[in-house]
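Worksheet for the structure shown next.
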Amino acid sequence: MDLKSQIDLARLPRHIAIIMDGNGRWAKGKGMPRVFGHRKGVKSVREATEAAAELGVEYLTLYAFSTENWNRPVMEVTALMGLLVDTIKKEVKTLNENNIRLKTIGDISKLPEKSQKALQEAIAETRNNSRMTLVLALNYSAKWEILEASKKLANKVKKGEMDPAEIDEAAFSNALATQGMPDPELLIRTSGEARISNFLLWQIAYSELYFTKILWPDFRKGHLYEAILDFQKRERRFGKTSEQIAG
Ligand code: FPP
């Protein structure tokens, strides 16, 4: 039986998050510049998006550019931004044909004008799509997001719109960039690294973590199916005992 048909669609994660890693090493292994790896990584983005949408996953969040990525060589940052604009422009039509909505998390006001414009247009053009939401984390870091949420809540308290006692999990979640989205049940990281790297720290409190040695440019639909099957083999206990779960 093929991998896809082994997936139990009734127990699909509603939200999958992916740390796309290994583009640079993939390129280096082929004696090519790092940017070549990023370019190849776009096909993997397409594959992961298609596979998730076909299965019925509601949210797919991809870590495309972290706050820390600004520290890379200027040439690489410029190339990544260019690739982002080109890809977004090229793929808007496909997103619409497949009823996929685009969203971003992160401070996109720090991105080049061109990238901001392409993103805003794509977000506006896909905003009524309802099959799946593709979330790109761009100039994103979880610590930044948590600080922003704290400031938002502190300002509400200062203005007398909120009592500090009202700052509970729901209120805090609502102040995050992922407001309204379910937390990811499954977080995937490629390339053999086993780190979270400042990604969705609040939201992954109970996520299953899946690390694969596959480098991002080699990631295909089958790799997403493998991750989901592994997820479905695990028992999610949320702090309870196995007996409590069974009962
Ligand atoms: C990590 O590999 C990858 C990135 C920082 C960028 C991901 C970007 C893309 C796949 C292309 C554009 C994306 C979209 C959504 C259109 P790395 O460079 O850290 O690899 P390394 O660890 O081997 O150096």
Side-chain angles (χ1 to χ4, degrees), residues 16-53 57 59-96 98 100-108 110-112 114-123 125-126 132-142 187-200 211-221 223-224:
I16 299 178
I18 309 183
I19 302 175
M20 310 181 286
D21 197 10
N23 293 351
R25 274 164 285 163
W26 185 90
K28 199 174 167 203
K30 301 215 156 9
M32 300 295 280
R34 297 176 54 80
V35 173
F36 184 69
H38 297 316
R39 241 180 264 138
K40 289 289 174 189
V42 174
K43 183 174 163 69
S44 311
V45 168
R46 216 176 286 129
E47 289 256 329
T49 307
E50 247 182 60
V57 172
Y59 294 87
L60 177 68
T61 300
L62 304 177
Y63 207 1
F65 195 85
S66 77
T67 314
E68 290 77 23
N69 284 154
W70 293 111
N71 298 323
R72 295 192 171 195
V74 176
M75 208 183 78
E76 185 175 342
V77 173
T78 311
L80 268 171
M81 291 298 160
L83 196 57
L84 183 73
V85 176
D86 292 350
T87 309
I88 298 293
K89 285 191 172 163
K90 231 184 270 168
E91 302 293 337
V92 173
K93 198 168 155 252
T94 318
L95 289 175
N96 277 328
N98 290 286
I100 298 171
R101 177 169 67 148
L102 184 73
K103 192 184 146 60
T104 60
I105 52 171
D107 184 4
I108 69 162
K110 300 284 184 317
L111 264 51
K114 250 184 161 178
S115 316
Q116 288 185 48
K117 200 165 160 268
L119 283 165
Q120 279 154 2
E121 281 172 9
I123 291 167
E125 281 171 44
T126 61
M132 186 179 85
T133 303
L134 172 65
V135 185
L136 297 182
L138 288 163
N139 193 22
Y140 173 88
S141 86
L187 172 73
I188 301 170
R189 183 173 188 146
T190 58
S191 92
E193 305 288 345
R195 282 189 300 279
I196 301 301
S197 300
N198 217 347
F199 193 43
L200 303 174
F211 301 104
T212 166
K213 286 206 162 56
I214 292 289
L215 303 174
W216 182 250
D218 289 327
F219 194 90
R220 291 295 173 263
K221 289 183 180 182
H223 298 113
L224 188 79

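Every heavy atom of this structure was used, including side-chain atoms; hydrogens, water molecules and symmetry mates were not. Just follow the structure's listing: the first ligand is 1, and inside any ligand the first atom is 1. No experiment lies behind these values; they were computed from the predicted model shown.
- Between the side chains of His223 and Glu47, no donor-acceptor pair is found at a separation under 3.5 Å.
- Residue contact check: Arg25 has heavy atoms under 4.0 Å from atoms 21 (P), 22 (O), 23 (O) of ligand 1.
- Side-chain atoms of Tyr63 come within 3.5 Å of backbone atoms of Tyr140 as a donor-acceptor pair (strictly under, hydrogens ignored).
- In this structure, the side chain of Asn139 does not engage the main chain of Ile108 through any donor-acceptor pair within 3.5 Å.
- Contacts with ligand 1 closer than 4.0 Å are made by no heavy atom of Glu193, backbone or side chain.
- Contacts between Asn69 and ligand 1 below 4.0 angstrom, taking non-hydrogen atoms only, involve the side chain exclusively.
- Here's the thing with Gly22: one of its N/O atoms is less than 3.5 angstrom from an N/O atom of ligand 1.
- For atom 6 (C) of ligand 1, the closest non-hydrogen atom on the protein side is Ala64 O, 3.4 Å.
- Residue-level proximity to ligand 1 for Trp216 is carried by the side chain, the only part with a heavy atom below 4.0 angstrom.
- Below 4.0 Å from some heavy atom of Arg34 lie the following atoms of ligand 1, by number and element: 17 (P), 18 (O), 24 (O).
- Contact annotation: for Asn23 versus ligand 1, heavy atoms closer than 4.0 Å belong to both the backbone and the side chain.
- A donor-acceptor distance shorter than 3.5 angstrom exists from the side chain of Thr67 to the backbone of Ser141, with no hydrogens or angles considered.
- Taking NZ of Lys110 as the start and CZ of Phe65 as the end, the distance is 13.0 Å to the nearest 0.5 Å.
- Closest to atom 13 (C) of ligand 1 among all protein heavy atoms lies Val45 CG2, 4.3 Å.
- Not one N or O on the side chain of Arg25 forms a donor-acceptor pair closer than 3.5 Å with the backbone of Leu215.
- Ligand 1 lies nowhere less than 4.0 angstrom from a heavy atom belonging to Leu62.
- Counting heavy atoms under 4.0 Å from ligand 1, residue Arg72 touches it through the side chain alone.
- Applying the 4.0 Å criterion to heavy atoms of Gly24 picks out, from ligand 1, the atoms 17 (P), 18 (O), 20 (O), 21 (P), 23 (O), 24 (O).
- In this model, a donor atom of one side chain and an acceptor atom of the other lie less than 3.5 Å apart for Ser197 and Arg189.
- The side chain of Leu136, and not its backbone, has at least one atom closer than 4.0 Å to an atom of ligand 1 (non-hydrogen atoms only; side chain from C-beta on).
- The nearest heavy-atom contact from the protein to atom 1 (C) of ligand 1 is Met20 O, 3.0 Å.
- Legend: residues meeting side-chain hydrogen bond (donor to acceptor under 3.5 Å, both in side chains) with Thr190, ordered by chain and number and at least two apart, are absent.
- Here the straight-line distance linking atom CD1 of Ile88 with atom NZ of Lys114 works out to 14.5 Å at 0.5 Å rounding.
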